[in-house]
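As structure tokens, the structure follows; a few thoughts come after it.
What you are looking at is a predicted structure, and each value in this text was computed from that prediction instead of being measured. So you know, we letter chains A, B, ... as the sequences are listed, proteins then strands, and number each from 1.
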Amino acid sequence: MRLSRYFLPILREVPKEAEIVSHRLMLRAGMIRQESAGIYAWLPFGLRVLNKVCNIIREEQNRSGAVEMLMPTIQSADLWRESGRYDDYGKEMLRIKDRHEREMLFGPTNEEMITEIVRAYVKSYKALPLNLYHIQWKFRDEVRPRFGVYRSREFLMKDAYSFDLDAAGARHSYNKMFVAYLRTFARMGLKAIPMVADTGPIGGNLSHEFIILASTGESEVFCHGDYLEMAPPSADVNFDDAAGLQSVFDRWTQLYAATSEKHDEAAFAAIPEARRMAARGIEVGHIFYFGTKYSEPFGAKVQGPDGAEHTIHMGSYGIGPSRLVAAMIEASHDDNGIIWPDAVAPFQVGILNLKAGDSTTGAACEKLYAELTAAGYDVLYDDTEERAGAKFATADLIGLPWQILVGPKGLADGKVELKRRVDGSRELIAPGDILERLKA
RNA sequence: CGGAGCAUAGCGCAGCCUGGUAGCGCAUCUGCUUUGGGAGCAGAGGGUCGCAGGUUCAAAUCCUGCUGCUCCGACCA
């Protein structure tokens, strides 16, 4: 992409409403624009990140055996009356009426709908286990939306729903998601710690929140410091191995980790003092096992091998990709701007023409741009008329992981400069060697 | 839902108290000079002063109502 042809509305000054760094940087880097309180448009640059996040989530959901689908944003009130949550959910649910005065709602979550769908088609235990997920916009009419897309009213959510014949099967499904989540967050460069959590309005008796530590986090968390050194499960983990997954689960839950509402001061005090961590955290994922809470009222049953009807055991598993984007920035930035992990960087490489209008630097940039693009890289080529300083500032603000600085000084020696955003390191390199270097 | 604020150019703000031609910085456009860490000079464009009503010869400014937005707290993914 040529920057001159792109839509990247950079702000030099900080909008006054932005209080936390991720919100400030997302506005400054031209990623989002607020349209109403807690409702945001995702501009092209922000959408690129959001899509990369969604794709990682998708890959790991699929790897675990979950199957993607897509449910609508608008739901019928009748559906929610079946579970009894139409009245319970309160004012957080946006209720609307259609032209026929039918009561509808903008879905805050999809347990009811997915249960209705599975009930309609799944009649035999042989179709289980089943895990269906979708990535769809949700609306929760928060009392006080804040911090940009971190706590917005409209937000993107990956929600998965598992269906099993019995509690043991459901436990296996729960562990699959547990492992998938560990991998998902690790791939985004985040150290997410699973913590025992309240189940809230979703219900159930087994639940973990995945929390990343950040000073701007909304919840107070307590955990063992060893969590920060634990390596995530590898890509070849066998999701069909129930015992193997259980051991991963056990290993990741044996150390103390809890949010403030589940905090046990005595258990925390038992941790060696040097390893005791009391910090603030951002919830980026939440998983629940809630048994038959929805399948029972919906009459979602299958016939088991014994010929009898069994009420399906369910769990639900949520990740907020839009919040994750903010969380990643909270976790990875410096005074100059965002530092994207390579896996989610909206562009992997930036090419900066340091002397706009110079035919030599221009030609060198064009050549590099063509080569890298042909090699499959997402490249942002700053071909604008800005001066070098402004281009450096922009590239750092928007966090391009690799920046190729092409200027007359280097080209005189047949070299360009390759800069790494994360540590500012730079090396002189011949343009022809760039591709090899990036692969390394 | 309690408390506190804000609303004037794309962004950040001044002007309001004490009513009388709508201003500054950045951004944008044009030209020239510049060109390796957010350049300089000169010129230009851009405004229903959130909305409605009231007071007044005259309202961004005073009064009333409304709307939108932000922050703190409680709540919540």
*Provide the Watson-Crick or G-U wobble partner of B:C11, both distances under 3.5 Å; none if there is no partner.*
B:G25
*asked:* For B:A27, does the base pair up with any side-chain atom of A:R12 as donor and acceptor (N or O, under 3.5 Å, distance only)?
replied: no
*Taking a pair as Watson-Crick or G-U wobble with both distances under 3.5 Å, which nucleotide is matched to B:A59?*
none
*Considering only atom C1', compute the distance from B:C32 to B:C11 and round it to an integer number of Å.*
28 Å
*Please list residues of residues 411-431 of chain A whose heavy atoms come under 4.0 Å from any atom in RNA chain B, ordered by number; otherwise none.*
A:E417, A:K419, A:R426
*Among B:C11, B:U35, B:G38, the one nearest A:K355 by side-chain distance*: B:U35
*For the rings on A:W80 and A:Y89, is their centre-to-centre separation under 6.0 Å?*
yes
*P spacing across the pair B:G23 / B:G46, given as an integer number of angstrom*: 13 Å
*asked:* Is it the case that the side chains of A:N62 and A:Y133 hold a donor-acceptor pair, with the cut-off being a distance below 3.5 Å and no angle test?
replied: yes
*Using atom CD of A:E35 as one end and atom C1' of B:C69 as the other, report the distance to the nearest whole Å.*
13 Å
*Is the NZ or CZ atom of A:R85 both under 6.0 Å from the centre of the six-membered ring of A:Y294 and within 45° of that ring's axis?*
no
*With A:R420 as the cation and A:W402 as the aromatic partner, state whether NZ or CZ is under 6.0 Å from the six-membered ring centre and within 45° of the axis.*
yes
*Rounding to a whole Å, what distance do you find between A:R280:CZ and B:A77:P?*
16 Å
*Counting Watson-Crick and G-U wobble pairs only, both distances under 3.5 Å, name the nucleotide matched with B:G31, or none.*
B:C41
*What about the rings of A:H263 and A:F268, do their centers lie closer together than 6.0 Å?*
yes
*Mate of B:A4 where both pairing distances stay under 3.5 Å, Watson-Crick or G-U*: B:U70
*On RNA chain B, check which nucleotide each of A:E142 and A:G410 is closest to and give me the residue with the more 5' one.*
A:G410
*For the pair A:E59 and A:N55, evaluate side-chain hydrogen bond (donor to acceptor under 3.5 Å, both in side chains) and give the outcome as yes or no after the intermediate values.*
CA-CA 6 Å; A:E59 285 173 21; A:N55 282 334; over 6 Å; no
*Under the 6.0 Å and 45° cation-pi test, does A:R48 pair with A:F347?*
yes
*Which value, in whole Å, describes the distance between the P atoms of nucleotides B:G5 and B:U48?*
29 Å
_Let's see if you can work this out: which of B:A77, B:G38, B:A74 has an atom nearest to the side-chain heavy atoms of A:E283?_
B:A77
*asked:* Using OP1 and OP2 only, check whether a side-chain N or O of A:Q34 sits under 4.0 Å from B:G68.
replied: no
*Please determine, for the side chain of A:E92, which listed nucleotide (B:G38, B:A77, B:C76) has the closest atom?*
B:C76
*Given atom CZ of A:R151 and atom C1' of B:C76, what is their separation to the nearest angstrom?*
5 Å
*Rounded to the Å, how far apart are A:R28 CZ and B:C26 C1'?*
12 Å
*What integer number of Å spans the C1' atoms of B:C17 and B:G53?*
24 Å
_Taking the six-membered ring for Trp, are A:Y181 and A:Y317 closer than 6.0 Å centroid to centroid?_
no
*If we call it a pair only when both distances are under 3.5 Å in a Watson-Crick or G-U wobble match, what pairs with B:A52?*
B:U64
*A:F155 CZ to B:C76 P: how many Å, rounded?*
15 Å
*A:R146 versus A:H23: any side-chain heavy-atom pair under 4.5 Å?*
no
_Within the 3.5 Å criterion, strictly below it, is a donor on A:Q61 or A:N131 matched to an acceptor on the partner's side chain?_
no
_Taking the six-membered ring of A:F249 as reference, does the cationic atom of A:R171 (NZ for Lys, CZ for Arg) lie under 6.0 Å from its centre and within 45° of its axis?_
yes
*Hey, which of A:M157, A:E60, A:K158 is the one that makes side-chain contact (heavy atoms from CB on, under 4.5 Å) with A:I319?*
A:K158
*Taking side chain as C-beta onward, heavy atoms only, is A:V118 less than 4.5 Å from A:F298?*
no
*How far, in whole Å, is B:A42 from B:C63 if one measures between their P atoms?*
42 Å
*On RNA chain B, check which nucleotide each of A:N336 and A:K91 is closest to and give me the residue with the more 5' one.*
A:K91
*Rounded to whole angstrom, note down the C1' distance from B:G10 over to B:A27.*
7 Å
*How far does the P atom of B:U61 sit from the matching atom of B:G25, given to the nearest Å?*
25 Å
*Interface residues of residues 379-404 of chain A with RNA chain B (non-hydrogen, below 4.0 angstrom)*: A:R387, A:A388, A:G389, A:A390, A:F392, A:A393, A:T394, A:D396
Check nucleotides 2-8 of chain B against the protein and report each pair of N or O atoms closer than 3.5 Å, with its distance, or say if there are none.
unit_1: B:C6; atom_1: O2'; unit_2: A:K16; atom_2: NZ; d: 3.2

*Taking any strand in view, what nucleotide pairs with B:A77 in a Watson-Crick or G-U wobble way, both distances under 3.5 Å?*
none
*Measure from the side-chain heavy atoms of A:H286 and tell me the nearest of B:G36, B:G38, B:A77.*
B:A77
_Span that lies between the P atom of B:G12 and that of B:A7, in whole angstrom_ = 11 Å
*Please state how far atom CD1 in A:I10 lies from atom P in B:U28, giving the value in whole angstrom units.*
12 Å
